[in-house]
Amino acid sequence: MSADDQRFGLQRHVTLPGPLPLDGGGRLAPVEIAYETYGTLAPDRGNAVLICHALTMDQHVAGANPRTGKPGWWTQMVGPGRPVDTDHFFVVCANVIGSCMGSSGPATMDPATGKPFGMIFPVITIRDMVRAQALLLDHLGVDRLKAVIGGSMGGMQALSWPATFPDRVEAVVVIASAARHSAQNIAFHEVGRQAVMADPHWRGGDYYGHEVPAAGLAVARMAAHITYLSEAGLTQKFGRKLQARDAKTFGFDADFQVESYLRYQGIAFVDRFDANSYLYITRAMDYFDLAEEHGGLLASAFRQTRARFALISFDTDWLYPTRESRSIVQALNAAGAPVSFVELSSPYGHDAFLLDSPEMNRVVAGFLGTAS
């Protein structure tokens with residue numbers, strides 16, 4: 001691997017024969033996985049770190065995203081000399097199944113028909129995503145992970161890893177996440193899904209080759225984006241300031257800056273994400289309940305693993321508030337698993353885990369042993 005590959009990531013795609021058993025019944029075969037790697041795998045294959053991405057992110061965790069040219073979504077966390085130091089670790093980030101960035105999902109081709117799967121793609125779960133990642137690691141010759149790290153939906157995957165493969169993980173970092181989706185979170189997702197499905201261009205999910213349900217997906221993104229921010233952050237950034245005008249129009253244009261901002265977020269999202277994938281991945285998050293998967297007791301999910309854990313929450317995150325992390329810590333304590341926990345202060349709400357946070361960087365670096 002060249003020095004540029006190590007710094008900016010090696011983009012890859014693999015088609016694995018499978019089959020991949022799914023929680024909802026049935027099997028997925030073949031299994032397409034798009035992924036990137038950073039750094040070099042050690043001769044003993046003992047330095048691999050898996051980064052798990054959030055709902056609308058992708059495998060381009062560091063370096064430049066080849067689609068957009070923009071920096072990877074966690075460039076401040078992953079790279080040479082950074083908390084997840086690619087001079088020491090072999091970092092893997094895979095696009096989750098169900099997504100639209102190269103892994104198997106509703107927009108990929110059904111080998112039986114030669115057409116996109118659409119809504120006949122099987123409903124998947126967080127645990128299915130993790131099993132697909134395990135297939136990829138098998139392909140790469142990685143039997144055991146030095147660490148698995150994720151925020152938000154990535155944190156759900158990180159939690160699911162030691163519960164599903166207790167002997168394959170040494171350390172787990174969970175940031176701004178939860179062990180199950182709350183009723184409020186499910187409600188917000190349902191609003192978004194209904195917005196997509198109410199768009200006449202959705203066509204029951206069979207819109208490939210036709211006009212996409214842009215209006216519905218944009219509204220879904222706008223609603224979700226509000227949950228990623230905090231009231232204090234919105235007030236600080238926008239308040240009630242008007243958008244490029246001196247007075248209200250007394251109409252329904254975007255009078256306020258915050259309205260214009262949300263509309264921009266919605267339109268930009270449509271350009272990079274598939275509407276059906278949004279339905280599938282939000283459903284996977286809503287189905288996630290780690291305690292339910294282990295007899296109704298969250299501690300039971302961790303009794304078989306010897307991994308150590310670090311959890312981080314943010315005080316203004318009302319999507320996955322600190323109490324969700326504390327309940328996970330209590331379950332880990334009950335299971336006898338070593339765990340550290342910190343709540344960090346930030347005005348940015350849930351999105352704080354994606355931003356450059358020196359405090360978060362120090363916690364992760366210290367936990368991984370990369371702090372200078």
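All heavy atoms count here, side chains included; hydrogens, waters and symmetry mates do not. Counting begins at 1 with the first residue of the sequence.
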Can a side-chain donor-acceptor contact be found between [Y] and [X] if the only test is distance below 3.5 angstrom?
X      : Y      : result
Ser104 : Thr108 : no
Ser99  : Asn95  : yes
Thr322 : Glu343 : yes
His60  : Glu36  : yes
Ser313 : Ser325 : no
Thr370 : His88  : no

For [Y], does its backbone N or O pair with a side-chain atom of [X] as donor and acceptor, under 3.5 Å?
X      : Y      : result
His201 : Tyr207 : no
Thr316 : Gly349 : yes
Thr86  : Gly39  : no
Trp73  : Leu354 : no
Arg245 : Gln243 : yes
Arg272 : Thr56  : yes
Ser152 : Ser177 : no
Asn361 : Pro83  : no

> Between Arg144 and Asp44, is the closest basic N to carboxylate O distance under 4.0 Å?
Replying inline: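 Answer for the salt bridge query: no.
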> Are the charged groups of Arg193 and Asp286 less than 4.0 angstrom apart, N to O?
Replying inline: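 Yes, Arg193 and Asp286 are salt-bridged.
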>> Per the side chain to side chain donor-acceptor pair (under 3.5 Å) rule, what does the pair list look like for residues 120-132, sequence neighbours excluded?
In response: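 Checked against side chain to side chain donor-acceptor pair (under 3.5 Å) - neighbours excluded - the pairs reaching residues 120-132 are Asp23-Thr125, Asp23-Arg127, Asp23-Arg131, Thr125-Asp128, Asp128-Arg131.
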> Has Glu359 got more than 12 heavy atoms of other residues, nucleotides or ligands less than 6.0 Å from its CD?
Replying inline: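 Count over threshold, so yes.
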>> Atom CD of residue position Gln304 - does it have more than 12 heavy atoms of other residues, nucleotides or ligands inside 6.0 Å?
In response: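 Open: at most 12 neighbouring heavy atoms sit under 6.0 Å from CD of Gln304.
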What pairs meet the ring-ring contact (aromatic ring centres under 6.0 Å, His included) rule with one or both residues in [range], with sequence neighbours excluded?
range            : answer
residues 325-347 : none
residues 91-126  : Phe117-Phe121, Phe121-Tyr280
residues 144-175 : Trp161-Phe165

> Do His181 and Tyr320 have ring centroids that are under 6.0 Å from one another?
Replying inline: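 Yes.
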> Is the gap between the ring centers of Phe269 and His225 under 6.0 Å?
Replying inline: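 Aromatic pair excluded; centres sit 6.0 Å or further apart.
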>> Would you compute the distance between atom CG of Asp289 and atom CD1 of Ile126 and round it to the nearest 0.5 angstrom?
In response: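 Asp289 CG to Ile126 CD1: 12.0 Å, rounded to 0.5 Å.
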>> Please give me the minimum heavy-atom distance between Ala54 and Phe353, naming the atom from each residue.
In response: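 Closest heavy-atom pair between Ala54 and Phe353: CB-CZ, 4.1 Å.
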> What are the two closest heavy atoms between Gly46 and Lys146, and how far apart are they?
Replying inline: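 Heavy atoms of Gly46 and Lys146 come nearest at O-CD, 3.5 Å.
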> In the hydrophobic cluster built from side-chain contacts under 4.5 Å, what are the other members alongside Leu355?
Replying inline: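 Leu355 clusters with Tyr348.
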> Relative to Phe238, does Arg240 satisfy both conditions: NZ or CZ under 6.0 angstrom from the six-membered ring centre, and within 45 degrees of the ring's axis?
Replying inline: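 Because its charged atom misses either the 6.0 Å distance or the 45° angle limit, Arg240 does not stack over Phe238.
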>> Show every salt bridge (charged side-chain N to carboxylate O under 4.0 Å, His left out) that has at least one partner inside residues 296-318, sequence neighbours left out.
In response: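 The answer is none; no pair qualifies.
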